[in-house]
Amino acid sequence: MSTAFAPGKCILFGEHAVVYGHPAVAVAIDAGVEVKLEFSEQWEIRNSYHTNKYVEFKAEKNPHIQHIISEIFEYNGSPLRINIQSNLFSAAGLGSSAALSNAMGAALHQLTKPNEEINLIKLAKIGHSAEASAQAGRASPTDSATSSLGGCIVVSGEKIESLNHVYDTKLLTPEGERSWSIHSVELHKNINDAWLVLGFTGEAAPTGDMVSGVANRLKENPALHDEMQAIENITKAGLTALELGNLEAVGMAMNSCHEKLKILGVSNESLDNMVTATREYSFGSKLTGAGGGGCMVALTENPERVAQEIELCGGKPLISRFGSRGAKIRKE
Ligand code: MEV
């Protein structure tokens with residue numbers, strides 16, 4: 001038997017723009033996905049998102065898992081009993097599919113190569129490949145890198161000299177080959193005074209659909225590339241504020257980022273309502289992840305009050321620290 005956990009993520013700045021090589025800043029959150037694997041008589045799966053009993057494993061219903069089993073590991077051993085437990089909202093912009101891919105990759109690695117230490121960079125690449133195969137080839141490595149490595153991660157089309165460079169990766173997308181550099185960031189100690197409060201609208205929005213929606217709007221209206229550049233400028237300002245521990249400036253950059261994401265067409269009424277309602281008790285707030293529903297995030301010193309506002313708007317809150325640990329094997 002093997003068990004692995006991988007955290008979800010919250011993008012503070014740069015979602016969508018990062019698919020086109022602009023930088024994004026993301027942090028791992030406390031909630032995540034645990035995968036437990038056991039050898040079994042038949043292929044079966046229990047996924048806490050859908051059911052509390054084991055059902056037959058069907059490849060077409062589990063594209064991320066199938067990709068990891070057959071294409072990455074080329075696994076042809078005994079059937080597996082796969083148990084998935086998650087405390088992340090699903091299809092909500094919190095990186096649940098990357099966390100699932102990373103936890104699955106780590107658990108399968110532990111099961112098949114128990115004496116070989118898991119390499120978190122390799123794991124992030126496995127997660128990215130599964131994301132890309134499920135998102136029609138358009139996926140940045142943001143979710144998978146943040147979930148695997150943990151902490152605060154910057155993903156960018158170019159190497160950023162002032163940051164700690166971790167690895168590079170590339171992908172063939174429908175728009176051509178893209179490459180990204182992944183960096184880690186030391187958070188200023190002031191950041192420990194703040195909390196992230198995520199608010200789920202209750203509306204699930206598949207990332208693949210949101211990403212291809214933006215791709216279509218960019219084709220129809222190339223001027224939207226200027227908004228992508230504006231997001232890059234905001235992301236850089238937000239990153240500097242994070243490194244300096246200037247929470248007010250981080251919050252201002254989050255607010256500006258939300259306005260730009262609205263122009264890209266990825267916000268909606270529920271997100272805008274929760275973002276507006278939480279601002280009074282926060283340094284800043286914005287939608288996070290793919291949008292179209294899913295989640296918003298507020299940066300605050302008053303997490304309980306912000307959580308109440310989210311509930312008053314009809315949303316579900318989740319309070320997290322900043323930059324939790326990355327993927328890990330759970331010893332029995
Ligand atoms: C999804 O969490 C973030 C997006 O930027 C897509 C991606 O980076 O692959 C919307």
Side-chain angles (χ1 to χ4, degrees), residues 6-29 31-33 63-64 88-102 124-125 127-149 152-157 169-175 178-182 196 198 200-201 203-218 224-225 227-228 231-232 234-235 238 257-258 260-268 271 286-297:
K9 66 86 191 47
C10 167
I11 299 188
L12 294 173
F13 308 108
E15 48 273 268
H16 288 287
V18 69
V19 175
Y20 299 87
H22 299 280
V25 182
V27 291
I29 60 173
V33 178
H64 293 83
L88 287 170
F89 307 121
S90 166
L94 300 184
S96 59
S97 60
L100 170 61
S101 301
N102 284 347
K125 288 185 177 175
H128 186 207
S129 148
E131 289 277 279
S133 99
Q135 271 175 226
R138 282 191 202 96
S140 82
T142 314
D143 294 16
S144 40
T146 311
S147 171
S148 181
L149 304 172
C152 180
I153 296 296
V154 175
V155 174
S156 173
T169 191
K170 58 185 173 195
L171 179 73
L172 189 60
T173 76
E175 284 78 33
R178 296 229 170 261
S179 53
W180 292 270
S181 291
I182 286 82
L196 295 173
L198 296 140
F200 181 37
T201 55
E203 300 152 356
T207 302
D209 295 353
M210 297 309 297
V211 170
S212 46
V214 170
N216 293 339
R217 286 193 282 283
L218 280 168
L224 279 182
H225 279 288
E227 302 302 333
M228 295 282 187
I231 292 180
E232 169 161 349
I234 294 166
T235 300
C257 191
H258 184 73
K260 296 297 171 194
L261 290 166
K262 271 168 85 167
I263 298 172
L264 290 185
V266 295
S267 192
N268 73 1
L271 285 166
K286 64 182 274 289
L287 74 84
T288 183
C295 282
M296 50 70 66
V297 59

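All values below come from the heavy atoms of this structure, side chains included, with hydrogens, waters and symmetry mates left out. Read the numbers this way: they start at 1 and go in the same order the structure lists the ligands and their atoms.
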Exercise for the section: Evaluate the side-chain proximity of Trp180 to Val18: yes if any heavy-atom separation is below 4.5 Å, no if none is. Expected result: yes
Problem - Glu15/Lys286 salt bridge by N-O under 4.0 Å criterion - result: yes
Are there any N/O pairs under 3.5 Å between ligand 1 and the protein, and if so, what are their distances?
| residue | atom | partner | partner atom | Å |
| --- | --- | --- | --- | --- |
| ligand 1 | 2 (O) | Lys9 | NZ | 2.9 |
| ligand 1 | 2 (O) | Asp143 | OD1 | 3.1 |
| ligand 1 | 2 (O) | Asp143 | OD2 | 3.0 |
| ligand 1 | 5 (O) | His16 | N | 2.9 |
| ligand 1 | 8 (O) | Ser140 | OG | 2.5 |
| ligand 1 | 9 (O) | Ser140 | N | 2.8 |

Donor-acceptor list for residues 22-29 side chains, cut-off 3.5 Å, not counting sequence neighbours:
| residue | atom | partner | partner atom | Å |
| --- | --- | --- | --- | --- |
| His22 | ND1 | Glu232 | OE1 | 2.6 |

Completion exercise
Sequence neighbours excluded, the answer for ring pair (Phe, Tyr, Trp, His ring centres under 6.0 Å) partners of Tyr20 is none
Exercise for the section: Using a 4.5 Å cut-off on heavy atoms from C-beta on, say whether the side chain of Ile231 contacts that of Leu261. Expected result: yes
Fill in the blank from the handout: Taken in chain and number order and not counting sequence neighbours, the residues that satisfy side chain to side chain donor-acceptor pair (under 3.5 Å) with His16 are none
